[in-house]
There are 2 protein chains.
Amino acid sequence: MQEGTAMSVSNTEVTIMENTAFVEVKKIQEIFELANATKNQLCPVRDIIARISDKWTLLSIYALGGYGTLRFNELKYKIGDVSQRMLTVTLRNLEADGLVKRTIYPEVPPRVEYQLTALGRSLVNQLTLLTDWATVNGEEIIKYRKLNLNK
Amino acid sequence: MQEGTAMSVSNTEVTIMENTAFVEVKKIQEIFELANATKNQLCPVRDIIARISDKWTLLSIYALGGYGTLRFNELKYKIGDVSQRMLTVTLRNLEADGLVKRTIYPEVPPRVEYQLTALGRSLVNQLTLLTDWATVNGEEIIKYRKLNLNK
DNA sequence: CGGGATCCACGAGGATACTG
DNA sequence: CAGTATCCTCGTGGATCCCG
């Protein structure tokens, strides 16, 4: 653990392997090494994560994942506190990324329906796992947070 | 569940079930209904997701997940383009949430080491799945994005 | 109804300088 | 080395009004 970094690294890896699959650790290291090689560009992954990690994006994907097809105002109502502008911007981005399909019905008054594409649906499955994690561990995090608030 | 949407909803659910497990869809719907009942508070989940979806938070967790134990500047170097201030803020938040452990060695010059807690490591496993998804589908998203750029 | 366009406030986050 | 403190910029995102 002191100055000989070679030994401490291998010790660290052993410790981590107790809780994280070794192959996963390797994968992460490769991503960072790739990022170093290409000078501060954490491959498209970073860009993708940044995009979907947006607050309204996440909620929009969830809503469409949970309810299938929604009109603009239905979606707005489901999310609750999103402004009309931000929902529009969010949906346009999702459409441009091929995650959401937008269908316009040339009626009066106009009707527009949104639904996830196959790509979008495959993402929901991943995000659901993350939500499960947050549901299970949320309380513990809140507990820590309040604990540190008193310091 | 509103006026005449009962039929279209069940049709929609059938369509979705082809690609998403029914139990997952139900879970999402319950979350949104809970959010409605409690007036615009998507339970702690939303708060947690918002917190970890921060750009530097995500990268810090990944770096610590991939390399185990890192000193402040090692971490800064791995991430690459994070400012020293934002890394400090990010690590303080992660520490307050119980995801990262901060160890100070009272030496001169001072040495501070960061590593994930068990809670943090369990999160890495979830995030890795998300990264896998981004790795597989990243190209397709970029493709769509460029396609729409020409419009 | 489902947006587009515009204006503006505010807070995240970068740059710089200093310190235990 | 690992921060803290201060200042300042710039983009996100809300409010408002208008349109097809």
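In what follows, chains are A, B, ... by sequence order, proteins preceding strands, each numbered from 1. Everything numeric here is computed off the predicted structure, so don't read it as measured data.
- When rounded to the nearest whole Å, the span between CG of B:L91 and P of D:dA2 equals 11 Å.
- Put simply, CG on B:L75 is 14 Å from C1' on D:dG3, counting in whole angstrom units.
- Contact check, A:R102 against C:dG3: a side-chain N or O comes under 4.0 Å of OP1 or OP2.
- A:D54 places its CG atom 13 Å from the C1' atom of D:dG11, with the value rounded to the nearest Å.
- Checking D:dG3, C:dG13, C:dG2 against the side-chain heavy atoms of A:V112 singles out C:dG2 as nearest.
- The nucleotide whose nearest atom lies closest to any side-chain atom of A:T88 is, among C:dG2, D:dC1, C:dG3, C:dG3.
- B:L130 and A:F32 fall within the same hydrophobic cluster, defined by Ile, Leu, Val, Met, Phe, Trp and Tyr side-chain heavy atoms under 4.5 Å apart, directly or through other members.
- Across all strands, B:Y114 comes closer than 4.0 Å only to sugar-phosphate atoms, never to a base (heavy-atom distances).
- No continuous path of hydrophobic side-chain contacts links A:L129 to B:L99 [ILVMFWY only; heavy atoms under 4.5 Å].
- Residue B:Q84 has its side chain nearest to D:dG3 when only D:dT16, D:dG3, D:dG14 are considered.
- Taking a cutoff of 4.0 Å between a charged side-chain nitrogen and a carboxylate oxygen, A:K27 and A:E30 do not qualify as a salt bridge.
- Summarising the geometry, the separation between CZ on B:R85 and P on D:dC7 is reported as 13 Å, rounded to the nearest angstrom.
- Looking at A:R111, A:R71, A:E113 one by one, the single match for side-chain hydrogen bond (donor to acceptor under 3.5 Å, both in side chains) with A:Y105 turns out to be A:E113.
- Set against C:dC1, C:dG3, C:dA17, the side chain of A:P110 has C:dC1 as its closest nucleotide.
- In this structure, the CG atom of B:L87 is 13 Å from the C1' atom of D:dC1, given to the nearest Å.
- With distances taken from any side-chain atom of B:M86 to the nucleotides C:dG14, C:dG2, D:dG14, the minimum falls on C:dG14.
- Side-chain atoms of A:E113 stay outside donor-acceptor range of the base of C:dG2, with no qualifying N/O pair under 3.5 Å.
- Across B:G65 and A:V25, no two heavy atoms sit closer than the pair O-CG2, 3.9 Å.
- Nearest nucleotide to the B:F72 side chain, out of D:dC1, C:dG14, D:dG3: D:dG3.
- Taking atom CH2 of residue B:W56 and atom C1' of nucleotide C:dG14, one finds them 10 Å apart after rounding to whole Å.
- Remark: C1' of D:dG3 and CD of B:E107 are 16 Å apart, rounded to the nearest angstrom.
- Nucleotide C:dA12 holds its C1' atom 14 Å from the NZ atom of A:K55, rounded to whole Å.
- Which of C:dG2, C:dG14, C:dG3 sits closest to the side chain of A:R71 comes down to C:dG2.
- Side-chain N/O atoms of B:R92 include none lying less than 4.0 angstrom from OP1 or OP2 on D:dA2.
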